[in-house]
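What follows is one structure encoded as C-alpha cells, with my remarks underneath.
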Amino acid sequence: MSDFINELKWRGMIQDIMPGTEEQLKKEITTAYVGFDPTADSLHIGSLVPILLLVHLQKAGHKPIALVGGATGMVGDPSGKSEERNLLSEEVLNYNVACVKKQLEQFLNFDPSLPNAAELVNNYDWFKGISFLEFIRDTGKHITVNYMMAKDSVKKRLEGESGMSFTEFTYQLVQGYDFYWLYNNKNCKLQMGGSDQWGNIVTGTELIRRKSGGEAFAFTCPLIKKSDGGKFGKTEKGNIWLDPQKTSPYQFYQFWLNASDEDAAGWIKIFTFIGREEIEQIIQQHQTDPSQRLLQKNLAEAVTVFVHGREEYEKALETTQKLFSNQKAPAESLSVEDLESIEGIVKSSYPLEKIQQGTEVLNFLTETAIFESKGAARKMLQNGGISINRTKLSDIQLVVNSAHLLHDKFILVQVGKKNYYLVVAE
RNA sequence: GGGCAGUUACCAGAGUGGCCAAAUGGGGCGGACUGUAAAUCCGCUGUCUUCGACUUCGGUGGUUCGAAUCCACCACUGCCCA
C-alpha cells in the first residue's frame, strides 16, 4: 500500500499534494474520498480520472469513499466557472443523484467482508439536518471571509464582470464541511479531486484543523486537456458519457481510438491500469510504425473494457472493423450478417415503399432524421461530406431507389468520414 | 435609493440611421493531404426547399420612407456611493 502515490506519480496523475500525505498513506490504511457533482444524469469521461483515483486507492489497500453531492449540487460549484450557474430543481437533482450513484457502484468493490470496502455517501444526508443558523454559527465562524476571498475560484469572479452570488460564494464552506464531517464520522483523512478542486479541498482541511484540531490531507490530479488545447471529452455529438444509453460503447471506443498520438501517450498512463514497462513498450512499438496506432488501440480497448465490459468492447471492435478496415471495398461486400449485427451506430428505419418509388436524397436524409433540415443536408452534400454505400454524393438531384439497397434492405450513409448511419428499409 | 457603464449569433467582440443576416477572432462541422493522428490549406457555420424568402442584435412601445443603431419606459448585469 506504500507505492500508491508513486504509482500515481509516474502516471502523471498528481498535480498538487499536501505535505505529509505520503507519510499518512504509508502509516496506515487510510480512508479517502472524492466528490461527484450530480449535474447530469450520467457521469462523463471527465469524471473518469477521479474514479480511477479511487480505484487505485482501493487497489493499494486503502478505503475509498465516493461522495455524491446531493447537497453541494444544490449550491453550485463556482470553480472554473466564469458565470453564475442556474440551479437545478430538486426533482432533477434527486434523479441525477440516483443515476450517478448507480454508475459509481460498478467501479468500486463494496464487498463488506473487505477491510477496505468502498462506501457511497450523499452529503445531503448530513446537511438536511443542519439549520442555516447552526451552520453559520458552528462552521462559518471558523473561516474568515478574507480567507475565502483569496481562493482562485472566488477571486476570478470578483475580478471578472459577472460577479458571484452569496450562494456560490458559500460553496467552499459547504464542501469543506463535507470533509470535516467525513473526518469525524468516517475517519476520512484524505480528499482527492481534480486540480480545480484544490481551493475547496483546502478549506476542508482548514476547517478540520480549526474546528477539531485534526490533521487531514489532500492531493489533486491534473485536469485532462487535449494537446491542441481543445476541451477534453467533447465531440460534435456533445459529451462522452459513461451511460451506454447516452454514448454507445462503439462511440465510446471510437472516442479513444481517435486520440492524437500526443494525447494517447499521456492518456494511456492515466486511464488504464497497464503497467509501466508494458506502456513503455507500447509507446516504442508505436513509434516504429505510428500508422498502426497501437497506442490508441490499446488505450481504447482498456478504457472501453473498464467502463462497459469486455463483451461490449468486442462488439465495438467488430463494428469498427466492419466499417473501417476495408474502407476502399465496396459497401456491397458487407454481408447481411455484417450489416445486421452492426452495433452502436445510429440506425433508423425508412419505408421500403418510398425507396421503391424513389425519393430525392434531400428528403431521404431529412426523413431518416440524419439531418434536421434540407438546408443542412444540402450544405453538407455540396461540401462533399455525404456518402451513400461508401460512394461520395455529388448530385443534389439524386434519387434514392431500390438500386441503392444493400441486400434489398439496407442503406449505409456516411456523414464525414467517421459518422455512420444505417438505414433499414422496411 | 443615487451615479456611471453595459446587454449583439456557440463564445469573445466590432458595428452608433439605409451598402447589416451583421466585421474579425476562437470554437464547431465538412473537404484535401494522412494513419479514423497532428500540422497545413480550403469551404460551411440564423431559419427555411437552391435563386430567393423569412425571423434576429435584452423586452415593450415610439420617431422615421427606413432602426442593432435615435427616443421613452421596463428588465437584467457590473462598478462606485448611500
Side-chain angles (χ1 to χ4, degrees), chain A residues 80-86 156-166 168-169 225-240 250-268 282-283 285-301 304 316-329 342 344-345 359-367 370-388 390-399 412-421:
Chain A
K81 304 281 185 313
S82 61
E83 267 176 36
E84 186 84 12
R85 287 192 290 171
N86 291 325
K156 274 192 189 134
R157 290 279 288 273
L158 293 178
E159 285 162 3
E161 293 220 321
S162 57
M164 175 182 226
S165 68
F166 179 71
E168 287 196 6
F169 177 63
K225 271 198 260 162
K226 292 204 287 178
S227 53
D228 60 10
K231 271 197 195 117
F232 170 74
K234 296 258 186 182
T235 65
E236 75 276 13
K237 289 184 192 74
N239 276 320
I240 303 291
Y250 165 76
Q251 288 162 341
F252 187 86
Y253 177 79
Q254 282 287 321
F255 170 80
W256 297 101
L257 195 67
N258 278 313
S260 70
D261 292 3
E262 213 175 314
D263 288 336
W267 292 355
I268 198 168
I282 294 170
I283 291 178
Q285 277 184 41
H286 177 87
Q287 277 160 353
T288 58
D289 186 3
S291 68
Q292 283 303 307
R293 290 179 307 129
L294 254 185
L295 258 176
Q296 285 89 338
K297 283 178 188 165
N298 276 286
L299 170 69
E301 174 182 349
T304 309
L317 181 66
E318 210 179 304
T319 300
T320 296
Q321 279 163 353
K322 278 175 202 157
L323 295 177
F324 288 95
S325 63
N326 256 324
Q327 258 190 322
K328 302 267 152 42
I342 282 176
I345 70 168
T359 359
E360 288 175 42
V361 231
L362 293 181
N363 288 328
F364 175 74
L365 289 172
T366 47
E367 282 162 24
I370 293 172
F371 282 93
E372 272 175 25
S373 73
K374 291 186 183 176
R378 172 181 291 111
K379 278 173 195 161
M380 187 61 76
L381 202 152
Q382 283 169 338
N383 266 321
I386 297 179
S387 300
I388 283 185
R390 287 188 177 156
T391 309
K392 190 172 278 190
L393 300 188
S394 52
D395 180 14
I396 292 199
Q397 313 293 329
L398 181 84
V399 173
L412 190 63
V413 182
Q414 260 170 287
V415 179
K417 239 182 283 187
K418 305 172 197 170
N419 306 303
Y420 283 91
Y421 299 84

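A, B, ... follow the sequence lines: proteins, then strands. Residue 1 opens every chain. None of the values given here were measured: they were computed from a predicted structure.
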Counting only side-chain heavy atoms from C-beta out, which of [options] sits nearest to [X]?
X	options	answer
A:Lys417	B:A38, B:U34, B:G31	B:U34
A:Ser260	B:A37, B:C29, B:G35	B:A37
A:Gln254	B:G43, B:U36, B:G35	B:U36
A:Lys379	B:C33, B:G43, B:U45	B:U45
A:His286	B:G35, B:U36, B:A37	B:G35
A:Asn383	B:G35, B:G30, B:A38	B:G30
A:Phe324	B:A37, B:G30, B:U36	B:U36
A:Ser373	B:U49, B:G30, B:A37	B:U49

For [X] and [N], give me the distance from atom [atom1] to atom [atom2], rounded to whole Å.
X	N	atom1	atom2	result
A:Gln251	B:U36	CD	C1'	15 Å
A:Met380	B:C44	CE	P	13 Å
A:Ile268	B:A37	CD1	P	18 Å
A:Tyr420	B:U36	OH	C1'	9 Å
A:Ile370	B:G30	CD1	P	14 Å
A:Leu381	B:U50	CG	C1'	13 Å
A:Leu299	B:U36	CG	P	17 Å
A:Leu362	B:C48	CG	C1'	13 Å

Identified pairing partner of [N], criterion: Watson-Crick or G-U wobble below 3.5 Å:
N	value
B:C51	none
B:G1	B:C81
B:U40	B:A32
B:C70	B:G62
B:U7	B:A75

Do you know the tightest heavy-atom contact between [X] and [Y]?
X	Y	value
A:Val361	A:Asp395	CG2-O, 4.0 Å
A:Leu323	A:Arg390	O-NH2, 2.8 Å
A:Ile283	A:Leu295	CG1-CD2, 4.0 Å

Taking only the [atom1] atom of each, what is the distance from [N] to [M] in whole angstrom?
N	M	atom1	answer
B:A68	B:A21	C1'	11 Å
B:U8	B:G78	P	15 Å
B:A23	B:G43	P	15 Å
B:A9	B:G15	P	16 Å
B:G1	B:C65	P	39 Å
B:U7	B:G58	C1'	6 Å
B:U36	B:C19	P	48 Å
B:G62	B:U69	P	14 Å

Base, sugar-phosphate alone, or nothing: which one does [X] contact when heavy atoms must sit under 4.0 Å apart?
X	answer
A:Gln292	nothing
A:Lys297	nothing
A:Gln382	nothing

On RNA chain B, does the nearest nucleotide to A:Ile386 precede the nearest nucleotide to A:Lys418 from the 5' side, or the other way round? Give the residue.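 Of the two residues, A:Ile386 wins.
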
Ranking A:Arg378 and A:Glu262 by the position along RNA chain B of their nearest nucleotide, the one closer to 5' is A:Glu262

Practice prompt. Test for a donor-acceptor pair under 3.5 Å between the base of B:G35 and the side chain of A:Asp261, counting only N and O atoms.
Written response: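 Such a pair is found, so the answer is yes.
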
| said: Any salt bridge linking A:Glu301 with A:Lys297? Criterion: basic side-chain nitrogen under 4.0 Å from a carboxylate oxygen. | reply: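 Answer for the salt bridge query: no.
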
*asked:* Would you say that A:Glu360 contacts A:Ile396 through its side chain, given a criterion of any heavy-atom pair below 4.5 Å between the two side chains?
replied: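 Side chain of A:Glu360 against side chain of A:Ile396, heavy atoms only: no contact under 4.5 Å found.
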
### Message
Below 30° counts as parallel, above 60° as perpendicular, anything between as tilted: where do the rings of A:Trp256 and A:Trp267 land?
### Response
perpendicular

Would you say B:C29 has OP1 or OP2 under 4.0 Å from some side-chain N or O of A:Asn419? no

Problem - Heavy atoms of other groups near A:Gln285 CD, more than 12 under 6.0 Å - result: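 Counting other residues, nucleotides and ligands, CD of A:Gln285 exceeds 12 neighbours.
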
**Report entry** Output field: ring centroids A:Tyr420/A:Phe324 closer than 6.0 Å
**Finding:** yes

